[in-house]
Amino acid sequence: MNIQNLIAFKVKEGFLRLYQIEIPTVEFQATRKEFEGDITVVVFPLLKYKKGNPAEIGENLGKYLSENVPEIKKYNVVQGFLNLVIDDVFYINFFNSIFTNSTFGFEIPKENDKAIMVEYSSPNTNKPLHLGHVRNNLLGFSVAEIIKASGKKVYKTQIINDRGIHICKSMLAWKLFGNGETPQSTGLKGDKLVGNYYVKFDQEYKKQIAELISKGTSEEEAKTTTPILSEAQQMLRNWENGEEEVVALWKKMNQWVYDGFEVTYKNLGVDFDKLYYESDTYLLGKDVIAEGIEKGVFYKKEDGSVWCDLTDEGLDEKIVLRSDGTAVYMTQDIGTAIQRVKDLKDVGGMVYTVGNEQDYHFQVLFLILKKLGFDWAKNLFHLSYGMVDLPSGKMKSREGTVVDADDLMIEMTETAKIISEELGKLEGYLEVKKNELFKTIGLGALKYFILKVDPKKRILFDPKSSVDFQGNTGPFIQYTYARIQSIIRKVTFDYSLEIKELELHEKEKDLIKQLALFPETVQQAAANYSPAIIANYTYDLVKEFNSFYQNVSILGEENHEKKVFRIQISKKVADVIKQSFSLLGINVPERM
RNA sequence: GGUCGCGUAGCUCAGUUGGAUAGAGCAACUCACUUCUAAUGAGUAGGUCAAAGGUUCGAAUCCUUUCGCGAUCACCA
């Protein structure tokens, strides 16, 4: 039983004794810094049950609690707030109970619990990954780790959009202008090479439009009748018909892209348990449409197209099958969702990490799956996130106004190197170790910068003003971790001694309180699909520690028990930093 | 136009199920490194929580309206 539950129980008991009234709940908050106390009972809500002066009721409750709860040492009442001072021994006991628990705050999945599948990344294979993908990847990976830590089994997945007109554009441009270039022959990363031809296609396409317009064609008509676009569309049809030459080219160029992506993912530190390819799934869903018609979920129009009427739910009618019988995006997504549950039988819910421009699509998708009667449909969540904008506006691949993921990681690492070398604390460190460290810090800065913001909000990324390394940043937190490691390296004796009784320094108590919040923070972050909650928690913990570090001597403490206890607290803070940063996909350095 | 999201200090962001005087960082200004790593700490200044109503003992938080920004409303993906 934790202290809050105990006090709640005693407040109810006290209320019954004092006023012969039963109250259902008790409201708490952490006592504000400017008042004496640790936990505060808010008296106002109790006035519903017992009319009277809140200060007087608080006083009576305070008296009752201090006489009947041994852990409560003192109390004071300010307006309608009853502040309770908890005995140091309680905090010491609590600390001892978590000190050696290396998975403190993390839950282990229960035997028969359903798994959650988290989809993220899901790129098109016609161009390299950019900053928008980076946000997607970091969010998806982190949310997956958080859900895992909250006690659920997780599968990370992505659906690779490897077919369609976009890749045909790159293929065609390469065929026309590529002169047989390969990643080997050019030394270019495969995804970059393919991306170049996507841009090349667009340039040629625009040129042809201009030509047609100059010959008197209307702009609208020109856009749909350029020879190069027609040829790309023909290529897509040939691919769908399984024409050997096209399929071979498609395989070759996609492989270049996969090789390139693999490097980016590895550098970014994200991974997947299961991959899906759109070329395998794009025909799925059609059979479900027929079933849906029988169930009355869908209906057919005279032209043969199939629709779902969602007007009762405040939405529109949505097409799920074209009049020529071919699938639309929605059809595929319905089919793919069903396929996933077939593939992995213990999946009981899914999280889709996709930008907020598709909010409507997912609203419709989830509703349709519910209407089709799947029991897992109630556990679907669209992890919707805001776009990453540049000062110049939106990023556009075709116009080359993108922040490339690989370049960005290199720049961040470079910045970390410059700052580190200026500070010059790394003498005697091996060159290899140093480079590893620069990457840890650079990526830590980038990841924290992106993840600390609520997913729903848009991010404005200014490449010129770059990412901070001071204040509420990844490196600030990493620095604190490294500082603690430095202290621990200097300890020459066994500090595992369990301290039973001690007068706590205020800063020590604050740290223990903050540590105690970790488990509920993990749960809260999972329930809200929000790495930002973890980031903010960690920042608060670290700020608290730095204040402690600056104000209280650890290794210089004369009293042996106090010294041991301070080392233990420091160690635990470092452990929790490491744990919570692992949930964000950020590494921590031993020194920096 | 309909729907959805967002709007908090000059800038970037926190703010739990409504609770005490709305908090951090950056930038500005003070101070603290012969002392456990100053990528730090202690402090000063900076606010009509977009606006107006409403609910409540109590509203940045809930409801309504208005304004601003963004997204979306394809037999595209």
Atom pair [atom1]/[atom2] of [X] and [Y] - distance to nearest 0.5 Å:
X: A/Ile487; Y: A/Ile554; atom1: CD1; atom2: CD1; result: 3.5 Å
X: A/Leu517; Y: A/Asp540; atom1: CG; atom2: CG; result: 9.0 Å
X: A/Ser384; Y: A/His361; atom1: OG; atom2: NE2; result: 12.5 Å

Which of these nucleotides, [options], is closest to any side-chain atom of [X]?
X: A/Lys456; options: B/A38, B/C6, B/C75; result: B/C6
X: A/Trp307; options: B/C75, B/U37, B/C69; result: B/C75
X: A/Asp359; options: B/G19, B/C4, B/U37; result: B/C4
X: A/Arg591; options: B/U37, B/A24, B/A20; result: B/U37
X: A/Gln550; options: B/G41, B/G19, B/C75; result: B/G41
X: A/Phe476; options: B/G41, B/A71, B/A38; result: B/G41
X: A/Ser323; options: B/A38, B/C75, B/A71; result: B/C75
X: A/Ile487; options: B/A38, B/A20, B/C36; result: B/C36

task = Please name the pair of heavy atoms, one in A/Pro455 and one in A/Leu139, separated by the smallest distance, quoted to 0.1 Å.
result = CG-CD2, 3.8 Å
Please work out if [X] contacts a base, only the sugar-phosphate, or nothing of the nucleic acid, heavy-atom cut-off 4.0 Å.
X: A/Asp389; answer: nothing
X: A/Gln29; answer: base
X: A/Glu278; answer: sugar-phosphate
X: A/Tyr329; answer: base
X: A/Ser486; answer: base
X: A/Met387; answer: nothing
X: A/Thr326; answer: nothing
X: A/Asn126; answer: nothing
X: A/Gln524; answer: base
X: A/Leu321; answer: nothing
X: A/Val306; answer: nothing
X: A/Ser384; answer: nothing
X: A/Arg32; answer: base
X: A/Gln478; answer: nothing

What integer number of Å spans the [atom1] atoms of [N] and [M]?
N: B/G47; M: B/G5; atom1: P; result: 31 Å
N: B/A28; M: B/U21; atom1: C1'; result: 25 Å
N: B/C76; M: B/A59; atom1: C1'; result: 45 Å
N: B/G18; M: B/C62; atom1: C1'; result: 8 Å
N: B/U37; M: B/A32; atom1: C1'; result: 16 Å
N: B/C6; M: B/A14; atom1: P; result: 12 Å
N: B/A27; M: B/C69; atom1: C1'; result: 25 Å
N: B/U16; M: B/G23; atom1: C1'; result: 14 Å

Does [X] come within less than 4.0 Å of [Y], counting only side-chain N to carboxylate O?
X: A/Arg163; Y: A/Glu240; value: yes
X: A/Arg458; Y: A/Asp389; value: yes
X: A/Lys33; Y: A/Glu544; value: yes

Between [atom2] on [N] and [atom1] on [X], what's the gap in Å once rounded to a whole number?
X: A/Leu365; N: B/U72; atom1: CG; atom2: C1'; answer: 16 Å
X: A/Leu423; N: B/U40; atom1: CG; atom2: P; answer: 10 Å
X: A/Ile488; N: B/U37; atom1: CD1; atom2: C1'; answer: 14 Å
X: A/Asn356; N: B/G5; atom1: CG; atom2: C1'; answer: 7 Å
X: A/Asn472; N: B/C26; atom1: CG; atom2: P; answer: 9 Å
X: A/Ile477; N: B/G25; atom1: CD1; atom2: P; answer: 13 Å
X: A/Asn551; N: B/C36; atom1: CG; atom2: C1'; answer: 14 Å
X: A/Asn536; N: B/A14; atom1: CG; atom2: P; answer: 7 Å

request  = Go through A/Asp333 and A/Tyr352 one step at a time and tell me if the side-chain hydrogen bond (donor to acceptor under 3.5 Å, both in side chains) criterion holds.
outcome  = CA-CA 11 Å; A/Asp333 269 8; A/Tyr352 293 83; over 6 Å; no
key: Side chain A/Asp468 and base B/A27 donor-acceptor under 3.5 Å   =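 Checked by distance alone, the answer is no.
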query = With distance as the sole criterion, do the side chain of A/Ser547 and the base of B/A42 form a donor-acceptor contact below 3.5 Å?
reply = no
For [X] and [N], are the ring centres under 5.5 Å apart with planes inclined under 30°?
X: A/Phe44; N: B/G19; result: yes
X: A/Tyr539; N: B/A24; result: no
X: A/Phe35; N: B/A20; result: yes

message = OP1 or OP2 of B/A77 versus the side-chain N and O atoms of A/Arg322: is any pair under 4.0 Å?
response =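 Checking A/Arg322 against B/A77: at least one side-chain N or O falls below 4.0 Å of OP1 or OP2.
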request  = Taking the six-membered ring of A/Tyr385 (Phe, Tyr or Trp), confirm whether the NZ or CZ of A/Arg135 is under 6.0 Å from its centre and within 45° of its axis.
outcome  = no
inquiry  = Under 6.0 Å from the ring centre and within 45 degrees of the ring axis: does the NZ or CZ of A/Lys301 meet both conditions for the six-membered ring of A/Trp307?
reply    = yes
query = Which class fits the ring pair A/Phe201 and A/Tyr205: parallel under 30°, tilted 30 to 60°, perpendicular over 60°?
reply =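 Geometry flag for A/Tyr205 against A/Phe201: parallel rings.
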message = Go nucleotide by nucleotide along RNA chain B from the 5' end; which of A/Gly314 and A/Asp454 gets its closest nucleotide reached first?
response =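 This one resolves to A/Gly314.
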note = Contacts of A/Lys457 and A/Leu555 projected onto RNA chain B by closest heavy atom; the upstream (5') one is A/Lys457
query = Does RNA chain B take part in any stems of at least 3 consecutive Watson-Crick or G-U pairs (both distances under 3.5 Å), and if so, which ones?
reply =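 Expected stems, ordered by start: B:1-7 with B:67-73, B:10-13 with B:23-26, B:28-32 with B:40-44, B:50-54 with B:62-66.
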key: Option among A/His505, A/Lys563, A/Lys562, A/Arg566 that satisfies the side-chain hydrogen bond (donor to acceptor under 3.5 Å, both in side chains) test with A/Glu557   = A/Arg566
